[in-house]
Amino acid sequence: MSIDVIGDVHGCMEELQELFHVLGYKYEQHIFVHPDGRIPVFLGDITDRGSHSIALIKLVYDMVIEHKKAYYVPGNHCNKLYRYFLGNNVKQRYGLETTVSEYISLAKTEQHAVKQQFIALYENAPLYLTLPEVNAIVAHAGIKEAYIGRTDKRVKTFVLYGDITGEFDEDGRPIRRDWAQDYLGSNWIVYGHTPIIKPRIINNTINIDTGCVFGNSLTAFRLPEEETVSVPSKQPFIEEKFHSYE
């Protein structure tokens, strides 16, 4: 097995198309396929903030559910959109409002189709993906070694939101512990969620959310090659959105 794990896309369709091109994928039957059979893995947060969230839902649904040519795990934004589609009273902020705006502009029949596609995509997705063929686990915000194999509420919160403390910084962003510093496992943990300028590798973990929607780049991590490939973002750069571990 050879995989390309793709960082948080957040509705940035143009950059995703460019990344697929650089990675050697071809566009066939409305999906991207690799001539060598490589498998793309979306690590969550495919929607919100960017301007093509609906197109991302359709593409990922087609690749994962219809053609079974890709894998997908949900992120916190995916969870929020899922709850919105179920009719829950979800606050439309932190990017959800952009997806909802796109969604309500569609014709009613297309709204129904998109909603059903995303619900199917989400409900058929594992909380995190274990890929022993490439010695890797893909989890949106990461996963502690002790949590691997579990899917209880505590693990779900960690995988979707990271190692949150319950506290917030002066900008209102949640404060998270640097769980990767303590990871000692032999599996690669491939994750995103926290935007950083360059991919961060520590203790067999790699964060590949390089903040495409905030103007930096969209990154993929290739296994078994253990290499990253990035394409530049077309969005305005917003420096304060990026996290520094120093």
Side-chain angles (χ1 to χ4, degrees), residues 3-35 38-67 69-78 80-81 94-107 110-111 113-114 117-118 121 138 140 190-199 207-222 227-242:
I3 67 169
D4 299 308
V5 187
I6 297 169
D8 306 42
V9 182
H10 278 300
C12 296
M13 178 61 90
E14 290 182 55
E15 291 89 338
L16 177 62
Q17 291 171 336
E18 184 176 346
L19 181 60
F20 272 135
H21 174 74
V22 171
L23 292 171
Y25 286 75
K26 307 297 182 184
Y27 190 64
E28 300 174 359
Q29 295 183 314
H30 307 293
I31 64 170
F32 289 91
V33 294
H34 198 281
R38 301 187 68 92
I39 301 173
V41 182
F42 296 94
L43 58 62
D45 287 3
I46 58 174
T47 64
D48 293 359
R49 296 195 172 111
S51 55
H52 296 95
S53 291
I54 300 302
L56 254 299
I57 292 172
K58 294 177 179 179
L59 175 65
V60 177
Y61 173 83
D62 282 346
M63 292 181 69
V64 175
I65 303 295
E66 286 294 317
H67 294 271
K69 296 290 187 182
Y71 294 128
Y72 157 85
V73 296
N76 56 304
H77 285 262
C78 304
K80 197 172 182 181
L81 181 60
Y94 304 130
L96 178 61
E97 69 278 5
T98 63
T99 303
V100 171
S101 177
E102 269 196 87
Y103 174 71
I104 62 177
S105 71
L106 302 173
E110 193 173 2
Q111 283 184 13
V114 167
Q117 285 179 344
F118 188 79
L121 180 66
V138 181
H140 175 66
V190 190
Y191 69 105
H193 184 61
T194 302
I196 49 176
I197 295 296
K198 294 181 179 179
N207 178 357
I208 58 169
D209 180 7
T210 48
C212 184
V213 78
F214 298 130
N216 188 45
S217 62
L218 182 63
T219 295
F221 183 54
R222 314 194 89 178
E227 66 179 25
T228 60
V229 177
S230 300
V231 297
S233 171
K234 301 178 186 298
Q235 317 305 316
F237 185 72
I238 309 175
E239 184 175 4
E240 63 267 23
K241 293 294 186 180
F242 292 86

#### Entry: Residue pair Val229 / Leu19: nearest heavy atoms and the distance that separates them
O-CD1, 3.7 Å
### Query
Can you tell me how far CZ of Phe118 sits from CD1 of Ile57, rounded to the nearest 0.5 angstrom?
5.5 Å
### Query
How long is the span from the NE2 atom in His10 to the CG atom in Leu218, to the nearest 0.5 Å?
10.5 Å
### Message
Looking at every non-hydrogen atom in both residues, tell me the closest pair between Gly50 and Glu102 and how far apart they are.
### Response
O-OE2, 4.4 Å
### Task
Would you indicate whether Tyr71, at its atom OH, is surrounded by more than 12 heavy atoms from other residues, nucleotides or ligands within a distance under 6.0 Å?
no
### Task
Quick one: do Ser217 and Thr210 satisfy side-chain hydrogen bond (donor to acceptor under 3.5 Å, both in side chains)? Show the steps, please.
CA-CA 6 Å; Ser217 62; Thr210 48; 3.1 Å; yes
### Query
With distance as the sole test, does Ser230 use its side chain to make a donor-acceptor pair with the main-chain N or O of Thr219 at under 3.5 Å?
no
### Message
How long is the straight-line distance from CZ of Arg49 back to SG of Cys212, given to the nearest 0.5 Å?
### Response
12.5 Å
### Query
Can you check whether Leu23's main-chain N or O pairs, donor with acceptor, with Arg222's side chain at less than 3.5 Å?
yes
### Query
Just wondering, more than 12 heavy atoms not from Gln29 lying within 6.0 Å of its CD?
no
### Message
Quick one, Tyr94 and Asp48 - any side-chain contact, counting heavy atoms below 4.5 Å?
### Response
no
### Query
Does the side chain of Lys58 come within less than 4.5 Å of Val114's, by heavy atoms?
yes
### Task
First locate atom CE of Met13, then atom CD1 of Ile46, and finally report the distance between them rounded to the nearest 0.5 Å.
9.0 Å
### Task
Tell me, please, which residues at least two apart from Lys234 pass salt bridge (charged side-chain N to carboxylate O under 4.0 Å, His left out).
Glu18
### Task
Taking side chain to side chain contact (heavy atoms under 4.5 Å, CB included) as the test, write out the residues that go with Asn76, two or more places apart.
Asp45, His140, Leu160, Tyr161, His193
### Query
Given side chains that start at C-beta, do those of Gln235 and Glu15 come closer than 4.5 Å, heavy atoms only?
yes
### Task
Find the distance between CZ (Phe42) and CG (Asp4) and round it off to the nearest 0.5 Å.
10.0 Å
### Query
Between Phe32 and Phe20, does the ring centroid distance fall short of 6.0 Å?
yes
### Query
What do the steps show when you test Arg38 against Tyr25 for side chain to side chain contact (heavy atoms under 4.5 Å, CB included), and what is the final call?
CA-CA 9 Å; Arg38 301 187 68 92; Tyr25 286 75; 3.7 Å; yes
### Summary
To the nearest 0.5 Å, atom CD1 of Ile238 lies from atom CG of Asn216 at 11.5 Å
### Message
How close do Gly24 and Pro35 get, counting heavy atoms only, and between which atoms?
### Response
O-CD, 3.2 Å
### Query
Can you tell if the side chain of Val41 reaches within under 4.5 Å of the side chain of Val190, non-hydrogen atoms only?
no
### Task
Quick one: list whatever passes side chain to side chain contact (heavy atoms under 4.5 Å, CB included) with Asp209, sequence neighbours left out.
Asp8, Pro195, Asn207
### Query
Does atom NE2 of His67 have more than 12 heavy-atom neighbours from other groups under 6.0 Å away?
yes
